[in-house]
Amino acid sequence: MEPRYDIQEVEVRIAKAWDDAGYANPDTCIAKGVTKSDAEAFSIVLPPPNVTGTLHMGHAAMLAVEDVMVRYARMTGKRTLWIPGTDHAAIATQSRVEKDIMKEEKKNRYDLGREELLRRVNEFAKESHDTIVHQIKRMGASLDWSREAYTLDEKRSFAVRAAFKKMYDLGLIYRGHRVVNWDPKGQTTISDDEIVYEERKAKLYTFRYGFLVDGSKFPIPISTTRLETKFGDTSVAVHPSDDRYKEFVGKTFDVDFCGTPITVKVVADESVERDFGTGALGVTPAHSMVDWEIAQRHNLPFKQIIDERGRMMVENPLVQGKKTTEAREITAEELRKRGLIEKEEEIPQNIATAERTGGIIEPLPKLQWFIAVNKPFGEKQKTLKELMKSAVGTGGVTIEPERFSRIYFNWIDNLHDWCISRQIWFGHRVPVWYKGEETHVDIEAPEGADWVQDPDTLDTWFSSGLWPFSTLGWPDENAPDLKAYFPNTVMETGYDILFFWVARMILMSEVIMGGIPFRRVYLHGLVRDDKGRKMSKSLGNIIDPLTMADKYGADATRLSLIIGASAGNDLKLSEDRVRGYRNFSTKIWNIARFLDMNRPADWQIGSRPSVPNIDLRQEIVELNTVYKEVTAHIENFEFHLAGEKLYHYVWHTIADVILEQEKKRLQEGTPEEKTEAYALLERVFLESVAMLHPFMPFITEEIYGIFRPGKMLMVERW
RNA sequence: GCGUCCUUAGCUCAGUGGUAGAGCGUCACAUUGACAUUGUGAAGGCCGGAGGUCCGAUCCCUCCAGGACGCACCA
């Protein structure tokens with residue numbers, strides 16, 4: 001054996017050997033006789049990385065954990081399938097490419113046109129895909145690449161259209177004119193979950209709209225941070241039990257607001273907070289979700305006064321065409337002039353921004369496509385909310401750690417209808433065609449001319465919601481993979497996309513498959529830097545998994561991401577940690593070398609001669625205990641405990657104790673003593689190597705190949 | 001506002017109803033070897049604070065403090 005473990009050489013060579021053997025494909029395992037055709041199935045899909053760039057530590061951690069599950073399952077004889085894929089990540093990818101084009105060519109998407117932009121985005125996606133796939137393989141993930149999927153490929157696109165039609169036919173997808181979250185920067189709607197709230201300081205104005213025809217001031221003072229929207233007010237809402245304003249409830253007032261006549265009706269609504277501001281709320285139905293809902297309850301009209309570029313569209317020379325922030329100042333100044341401002345104070349405010357573009361959300365009334373979550377449907381006449389709730393717990397989905405179940409239920413309670421149409425171009429086109437008043441929803445375009453397809457695309461999570469079955473062949477109900485591997489055994493992903501993705505997969509599966517998409521959900525934490533901060537380019541604290549793999553080995557990188565990371569908890573990673581596990585690789589290598597150098601002369605490599613009473617030795621008893629503990633930890637998804645246990649056992653028991661204690665007999669003993677000492681050492685060591693395989697696949701495969709020539713550890717029995 | 005999690009060695013974190021563990025770091029000694037990447041040992045903790053349950057609490061319960069995060073219709 002080489003005195004030094006050449007990480008790069010070995011890891012690249014072993015990766016190729018696995019590729020050639022094809023054992024990541026369960027069909028190959030069955031064909032080659034390493035797995036029984038009727039063995040229990042273990043299936044898991046890789047959360048598809050976005051094609052927006054390169055692999056980061058979060059991906060590496062995910063791959064490490066999932067590969068432990070998968071390799072363990074395969075070694076225990078299960079028909080094991082792990083499907084790889086990538087996500088087109090609609091908004092994320094398009095806005096990334098748009099940003100680059102703007103920077104380099106000073107052009108926006110409208111300058112390029114739909115076709116050209118899509119060509120560029122697809123080109124970028126292709127490149128990202130190739131990079132990411134190469135990087136995933138570098139980490140040693142035993143994925144079945146023969147089944148690779150892409151959310152935007154032929155099959156998945158077909159599945160998307162089929163799912164849309166099915167949900168439309170069930171009455172769950174509808175087109176409605178409602179207030180949606182409009183991102184003026186990205187020029188698209190986004191869902192509630194794509195909003196990020198940022199705390200900022202805002203000025204809260206307390207004011208009166210203006211004067212009534214009789215010359216008196218509007219009787220109710222109201223407070224707002226968004227003065228410019230008051231041009232669109234159609235109501236003032238107060239709490240039903242608020243005595244201050246009781247006499248006005250039900251009355252309608254015509255009032256001049258900064259030169260624009262507005263009509264407001266005073267209504268009583270439970271949602272109004274009596275203690276906030278003046279206890280009276282100016283209702284702007286067109287530009288606030290809450291106000292829209294109040295307006296619905298009281299049959300109030302709405303008036304859109306802000307356009308899609310975030311500019312005022314009210315016919316008032318003071319503000320027309322101005323940006324909202326500018327209009328706010330102008331309006332404030334005008335009200336001051338008129339003596340209508342009663343108070344101005346600084347308050348902290350949560351401002352809604354778009355996750356991807358950072359644009360400040362402008363609620364706007366728009367005609368969009370939605371998924372109804374409160375509508376009973378199908379034979380069971382249950383709502384999607386009810387089905388999503390019952391799926392977890394009684395329905396058979398368990399979430400680990402368990403506390404996330406509560407968070408999941410809490411999220412469902414607050415769930416509104418899901419807006420699924422987007423005004424961006426990269427993604428699945430809404431499968432709806434229009435001709436005059438006619439609307440046609442189908443998997444394929446209708447026959448005949450004059451049909452125009454809806455220009456919008458679907459929320460990227462619509463397609464990823466289908467992932468657990470679209471990767472298995474659905475909508476072909478008879479697809480062999482679907483029959484063999486659905487529902488998935490495990491879904492492993494980060495807790496940060498519990499709502500975005502996990503919940504949507506459950507939703508989609510309940511509608512389309514009539515049941516749960518997977519049985520066990522394991523949520524891992526986020527990888528942070530050694531100070532607990534998020535890794536980001538601007539902070540310059542990114543630790544790149546590929547750099548670490550090249551420097552210290554994919555094995556060491558993987559182990560550093562598994563040990564010390566328990567379910568649902570964030571992991572703090574430093575280069576020192578990775579280096580520490582590289583040292584462990586070296587230790588393992590040197591134990592192997594020691595055995596290799598001290599092998600008795602008459603020992604047949606690969607043989608396992610029987611040595612009397614070896615099973616009774618206390619070292620073997622201890623080995624068996626370790627085996628039981630490690631197995632239990634893995635079964636319980638306590639990978640960090642399993643990894644740590646093995647780390648200590650190999651280093652501080654095998655190397656420090658057993659090897660030291662047997663050294664003398666091995667080197668200076670009688671032939672019988674040599675044989676016995678070697679047999680004992682090789683056994684405890686090789687069995688540990690096998691147990692370490694799911695965690696450190698490369699070095700263990702390499703060493704196993706030296707001691708058991710011709711065998712592949714990847715498919716040896718656990 | 002509602003909710004969740006965290007608080008344990010200098011740092012980063014495991015962990016258990018029975019007088020505390022790892023890695024990294026520090027110090028002392030040993031070692032040129034299977035080991036560039038080693039070994040042995042040491043120092044270092046009223047397990048955030050206060051109550052409660054218990055024979056016994058770092059662990060279970062209540063409250064408090066500090067920190068992180070999630071959700072919400074904070075106008």
Side-chain angles (χ1 to χ4, degrees), chain A residues 1 3-5 192-193 195 197 199 202 204-206 222-227 229-230 233 236-237 269-273 275-284 287-294 297 347-351 363 401-416 495-496 498-499 525-526 528-533 552 556 559-560 563-566 568-577 579-598 638 640-641 643-645 647-648 651-652 655-657 659-660 663 666-667 681 685:
Chain A
M1 280 175 72
R4 286 193 56 191
Y5 176 53
D192 295 348
D193 297 288
I195 290 177
Y197 289 95
E199 191 169 303
L204 182 71
Y205 300 93
T206 300
I222 61 172
S223 300
T224 187
T225 53
R226 296 207 60 191
L227 268 184
T229 65
K230 300 295 106 182
D233 279 17
V236 167
D269 197 279
E270 295 277 350
S271 69
V272 178
E273 197 81 45
D275 299 328
F276 189 92
T278 62
L281 165 68
V283 182
T284 323
H287 298 289
S288 155
M289 286 293 179
V290 195
D291 294 10
W292 174 263
E293 281 166 19
I294 293 175
R297 287 196 283 274
I347 59 159
Q349 191 193 26
N350 278 336
I351 193 150
E402 201 272 334
R403 66 187 148 91
F404 282 99
S405 299
R406 290 185 66 172
I407 297 176
Y408 170 84
F409 290 130
N410 184 255
W411 177 80
I412 293 176
D413 286 340
N414 292 312
L415 189 61
H416 294 89
Y495 66 75
D496 54 328
L498 175 64
F499 309 140
L526 274 39
R528 297 172 178 276
D529 76 358
D530 58 350
K531 294 186 183 69
R533 302 171 303 182
Y552 304 113
L559 204 57
S560 72
I563 295 183
S566 52
N569 294 322
D570 293 352
L571 165 77
K572 290 192 183 115
L573 185 76
S574 62
E575 185 161 344
D576 269 349
R577 275 179 70 91
R579 193 162 44 83
Y581 293 112
R582 187 274 319 266
N583 293 356
F584 181 50
S585 300
T586 308
K587 192 73 184 178
I588 296 172
W589 186 254
N590 279 300
I591 299 169
R593 257 190 89 209
F594 175 83
L595 289 180
D596 193 53
M597 292 165 86
N598 291 286
E638 298 162 334
H640 61 297
L641 297 181
E644 207 170 49
K645 183 92 208 163
Y647 175 93
H648 279 105
W651 198 320
H652 300 299
D656 291 352
V657 179
L659 189 147
E660 290 302 330
K663 208 176 220 172
L666 188 61
Q667 290 173 336
L681 274 169
F685 178 61

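This is a predicted model, so every value here is computed, not measured. A note on names: the letters A, B, ... follow the listed sequences, proteins ahead of strands, and every chain is numbered from 1.
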Participant: Measure the distance from CG on A/Asn569 to C1' on B/rU7 and round it to the nearest whole Å.
Facilitator: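 After rounding, the gap between these two atoms is 13 Å.
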Participant: Mind checking the C1' distance from B/rG51 to B/rG10? Whole angstroms is fine.
Facilitator: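 Taking atom C1' in both B/rG51 and B/rG10, they lie 32 Å apart.
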Participant: Just how far, in rounded Å, is P of B/rC5 from CZ of A/Arg403?
Facilitator: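 So the CZ-P distance, A/Arg403 to B/rC5, works out to 6 Å.
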Participant: What is the minimum heavy-atom distance between A/Gly282 and A/Asp291, and which atoms define it?
Facilitator: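 So the minimum-distance heavy-atom pair works out to O-OD2, 3.4 Å.
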Participant: Are OP1 or OP2 of B/rC24 and a side-chain N or O of A/Ser574 less than 4.0 angstrom apart?
Facilitator: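 For A/Ser574, the contact criterion (side-chain N or O under 4.0 Å from OP1 or OP2 of B/rC24) is not met.
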Participant: Quick check: on RNA chain B, is the nucleotide nearest A/Arg226 upstream (toward 5') of the one nearest A/Ser566, or the reverse? Name the residue that is more 5'.
Facilitator: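 On the 5' side of the pair lies A/Ser566.
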Participant: Would you measure the distance from the C1' atom in B/rA14 across to the matching atom in B/rA30 and give it in whole Å?
Facilitator: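 Comparing C1' positions in B/rA14 and B/rA30 gives a spacing of 31 Å.
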Participant: Taking A/Asn569 for the side chain and A/Gly525 for the main chain, is one N or O donor matched with an acceptor at less than 3.5 Å?
Facilitator: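 Answer holds: no.
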Participant: Between the protein and nucleotides 37-43 of chain B, which nitrogen or oxygen pairs are less than 3.5 angstrom apart?
Facilitator:
| unit_1 | atom_1 | unit_2 | atom_2 | d |
| --- | --- | --- | --- | --- |
| B/rU37 | O2 | A/Thr586 | OG1 | 2.3 |
| B/rU37 | N3 | A/Thr586 | OG1 | 2.8 |
| B/rG39 | OP1 | A/Trp651 | NE1 | 2.4 |

Participant: Taking only residues two or more places apart in sequence, or in another chain, which ones meet A/Tyr5 in a ring pair (Phe, Tyr, Trp, His ring centres under 6.0 Å)?
Facilitator: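 Scan of A/Tyr5 (ring pair (Phe, Tyr, Trp, His ring centres under 6.0 Å), adjacent residues dropped) gives A/Trp589.
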Participant: Treating A/Asn410 as the side-chain partner and A/Arg406 as the backbone partner, does any N or O pair qualify as donor plus acceptor under 3.5 Å?
Facilitator: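 Flag not set: sc A/Asn410 to bb A/Arg406 has no pair under 3.5 Å.
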Participant: What residues, two or more places apart in sequence or in another chain, satisfy ring pair (Phe, Tyr, Trp, His ring centres under 6.0 Å) together with A/His416?
Facilitator: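 Result, ring pair (Phe, Tyr, Trp, His ring centres under 6.0 Å) vs A/His416: none returned.
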Participant: Name all residues meeting the ring pair (Phe, Tyr, Trp, His ring centres under 6.0 Å) criterion together with A/Phe584; count only those two or more places apart in sequence or in a different chain, and write none if there are none.
Facilitator: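 Only A/Tyr647 meet the ring pair (Phe, Tyr, Trp, His ring centres under 6.0 Å) criterion with A/Phe584.
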Participant: Please tell me which of A/Asp570 and A/Arg406 maps to the more 5' nucleotide of RNA chain B, matching each residue to the nucleotide holding its nearest heavy atom.
Facilitator: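 By nearest-heavy-atom nucleotide position, the 5'-most residue is A/Arg406.
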Participant: Are the side chain of A/Thr284 and the backbone N or O of A/His287 linked by a donor-acceptor pair below 3.5 Å?
Facilitator: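 The answer is no, because no donor-acceptor pair under 3.5 Å joins these two groups.
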Participant: Can you find a donor-acceptor N/O pair under 3.5 angstrom joining the side chain of A/Gln667 to the base of B/rA34?
Facilitator: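 No such pair is found, so the answer is no.
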Participant: Tell me the closest heavy-atom pair linking A/Trp651 and A/Lys587, and the distance in Å.
Facilitator: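 Scanning both residues, the minimum pair turns out to be NE1-CE, 3.5 Å.
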Participant: For the C1' atoms, the ones on B/rA43 and on B/rA28, what distance do you get once it is rounded to whole angstrom?
Facilitator: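 Those two atoms are separated by 10 Å.
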Participant: Under 3.5 Å between N/O atoms: give me all the protein pairs with nucleotides 71-73 of chain B, atom names plus distance.
Facilitator:
| unit_1 | atom_1 | unit_2 | atom_2 | d |
| --- | --- | --- | --- | --- |
| B/rC71 | O2' | A/Asn414 | ND2 | 2.9 |
| B/rA72 | N6 | A/Asn350 | ND2 | 3.3 |

Participant: Looking only at side-chain atoms of A/Arg593, point me to the closest of B/rA34, B/rA75, B/rG15.
Facilitator: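 Of the options given, the side chain of A/Arg593 lies nearest B/rA34.
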Participant: Can you see which heavy atom on A/Gly568 is nearest to which on A/Arg403, and at what distance?
Facilitator: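 Smallest interatomic distance, heavy atoms only, reads O-NH2, 3.5 Å.
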Participant: Side chain of A/Asn598, backbone of A/Phe594: donor and acceptor closer than 3.5 Å?
Facilitator: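 Yes.
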Participant: To the nearest Å, how far apart are A/Leu526 CG and B/rC6 C1'?
Facilitator: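 Atom CG in A/Leu526 sits about 15 Å away from atom C1' in B/rC6.
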Participant: Using a heavy-atom cut-off of under 4.0 Å over every strand shown, decide if A/Thr284 touches base, sugar-phosphate, or nothing.
Facilitator: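 Nothing: the residue A/Thr284, judged by heavy atoms under 4.0 Å, touches no strand.
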Participant: Which range-with-range stems can be found for RNA chain B when each stem has 3 or more Watson-Crick or G-U pairs in a row and both distances sit under 3.5 Å?
Facilitator: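 Correct response: B:1-7 with B:65-71, B:10-13 with B:21-24, B:26-30 with B:38-42, B:48-52 with B:60-64.
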Participant: P atom, B/rA50 versus B/rG70: distance in rounded Å?
Facilitator: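 These two P atoms come out 32 Å apart once rounded.
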Participant: Taking A/Arg577 for the side chain and A/Ser560 for the main chain, is one N or O donor matched with an acceptor at less than 3.5 Å?
Facilitator: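 Yes, the answer is positive, given that a donor and an acceptor are paired below the 3.5 Å cut-off.
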